[in-house]
Amino acid sequence: MTSAHNGPRVRPAIASIPAYVPGRPPAPRPGVPTYKLSSNENPYPPLPGVLEAATAAAATMNRYPDMGCTALYAALGEHLDVPADNLAAGAGSVAVLYHLLQAYCEAGDEVVYAWRSFEAYPIAVAVTGATSVQVPLGPEARHDLDAMAEAITDRTKVVIVCTPNNPTGPAVGRAELEAFLDRVPPHVVVVVDEAYREFVRIDDPVDAVALYRDRPNLVVMRTFAKAYGLAGFRVGYLVAAQPIASAVRACSLPFGVSAVAQAAAVASLEREADLLERVDALVAERERVVTALREQGWSVPDAQGNFVWLSLGDRTGEFAAAAEEAGVMVRPFAGEGARVSIGDPAGNDVFLKVAAGFAG
Ligand SMILES: *Cc1c(COP(=O)(O)O)cnc(C)c1O
C-alpha cells in the first residue's frame, strides 16, 4: 500500500517555490491583429546571416554540441577583450544564474536583491535552499542601493543588481554602482544583470565588463535573448574572474548550449552593427511610447529596457484583460502593475489606445 504521505518527499524549499509566470502568447482571433508584448522579446525576425549560421548548425543535430563552447568563447573573448576562462555560458543567462547560485549558496545563506525585480531571482535562490532578502525599490521604482548595502550580513553570499530593472525600467548609473560596490565585502559575489544594457540611454551608463577587471567578486550577466533576438535559442553568459567562471562551469549542465544557439550567437556578434541599428529603432519607439503615455497622464518610471511599466494597482487585471481584448498581450503583476514590451509601431499604438482609457 502506498499513500501520498509516505511517497517521495520534495525538499521543503522546492515545495514553496513560486511558479514562473511566462508572458502569454495571444490567442489567434479572426480579424484582429495580435501582438505579444508580454515577454520583452525582440519583435524583429532573425538577420539573414544569423539564420543561415543556425540552419547550417542544425545539420549536425545528431551530434552533441561543443561542450567547451570554443567558438563562442573565442568570439566573446575578442569582442569584450576578456580571457576565455573568464566566461561561462549557459542555456540563457537565467541558467547561468542558477549555476552561479548553486556554486555559492546553500541552506542558511542569503541572497540580496531589489524587489520587485526579475521574477526568476526568487525561484533560482529557492532552488539552492538559500533565503531571499528582498529590498524594496526606492522612489521612482529605482534600486535603493544604500538599503541593499545595509541588508548585507555575514550570511550574504550573493547580491544581484538588475539594471535596467525588469519590470520597472530604471537603470543604475555607473557612479552609484561603483559607490555601492565599494561597500560590498569582498567575500560577497555581486551579480550585475545587464540583460537590457544595449537599450540604456542614460548619461552615466554602466559597463560592468569594464568594472569587473579590478573587482574579483563582480559577475557580469548578459544574454543573447533581448537585443540580439535569440530568446528562443537559449544562450547567455557571464563574465567574471577565473575562479568564479570556473566554479560556474563546474555546476553547468553538460552540453547545455545547443549547437544552433552557439552558431547563432557567434553570427550575431559578427552582425552586431545591424542588430544595434534595430536596437536604436526600438529605443526610438520606446521614447515615443513613453512620451505618449506621459501625455496621457501616466507617471512612467524611467524606461531604459525594451519595455515600460504601468503602475496600475488593483486595476492591473482589468487593464490586462482590456489589452487582450484589443489584441495585445501584456505581463500583469496582480495588484501592482503591468509590464509592456516595446513591439512594432502598430502593436505599440494598440497598447497606447488601451492605456488612454485607463489614464488619470
Ligand atoms: C530576459 C532576462 C534575462 C535573460 O534571460 P535568458 O535566460 O537569457 O533568456 C536575464 N535577466 C533579466 C532581468 C531578464 O529580464
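For reference, positions follow the sequence shown, starting with 1. Whatever order the structure lists ligands and atoms in, that order sets their numbers, starting from 1.
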Test item, Cys162 contacting ligand 1 (heavy atom, 4.0 angstrom): yes
May I ask you to test the Val50-Leu230 pair for a side-chain heavy-atom distance under 4.5 Å? yes
Does ligand 1 have a heavy atom under 4.0 Å from the side chain of Asp193, from its backbone, from both, or from neither? side chain
Once you restrict to heavy atoms under 4.0 Å, what part of Ser93 touches ligand 1? Side chain, backbone, both or neither. both
Is Asp302 salt-bridged to Arg201, cutoff N-O under 4.0 Å? no
Among Phe307, Tyr196, Tyr98, Phe118, closest by heavy atom to atom 15 (O) of ligand 1 is Tyr196
Below 4.0 angstrom from a heavy atom of Ala195, which ligand 1 atoms are there? Numbered from 1 as shown, please. 2 (C), 3 (C), 10 (C), 11 (N), 12 (C), 14 (C)
Would a line drawn from the ring center of Phe351 to the ring center of Tyr35 be shorter than 6.0 Å? no
Which is closest to atom 9 (O) of ligand 1 in terms of heavy atoms, Arg222, Arg234, Lys226, Glu194? Arg234
Considering only heavy atoms from C-beta outward, does the side chain of Phe199 approach that of Ile342 to under 4.5 Å? no
Which of the numbered atoms in ligand 1 are below 4.0 angstrom from a heavy atom of Asn166? 13 (C), 14 (C), 15 (O)
Contact check, Ala225 vs ligand 1, heavy-atom distance below 4.0 Å: yes
Contact atoms of ligand 1, heavy-atom distance to Thr223 under 4.0 Å: 4 (C), 6 (P), 8 (O)
I'd like to know if the side chain of Thr34 and the backbone of Pro28 have a donor-acceptor N/O pair within less than 3.5 Å. no
Is there a polar contact between ligand 1 and Val94, counting only N or O atoms under 3.5 Å apart? yes
With a 4.0 Å cut-off on N to O distance, would you call Glu119 and Arg331 a salt bridge? yes
Salt bridge between Asp207 and Arg222, side-chain N to carboxylate O under 4.0 Å? yes
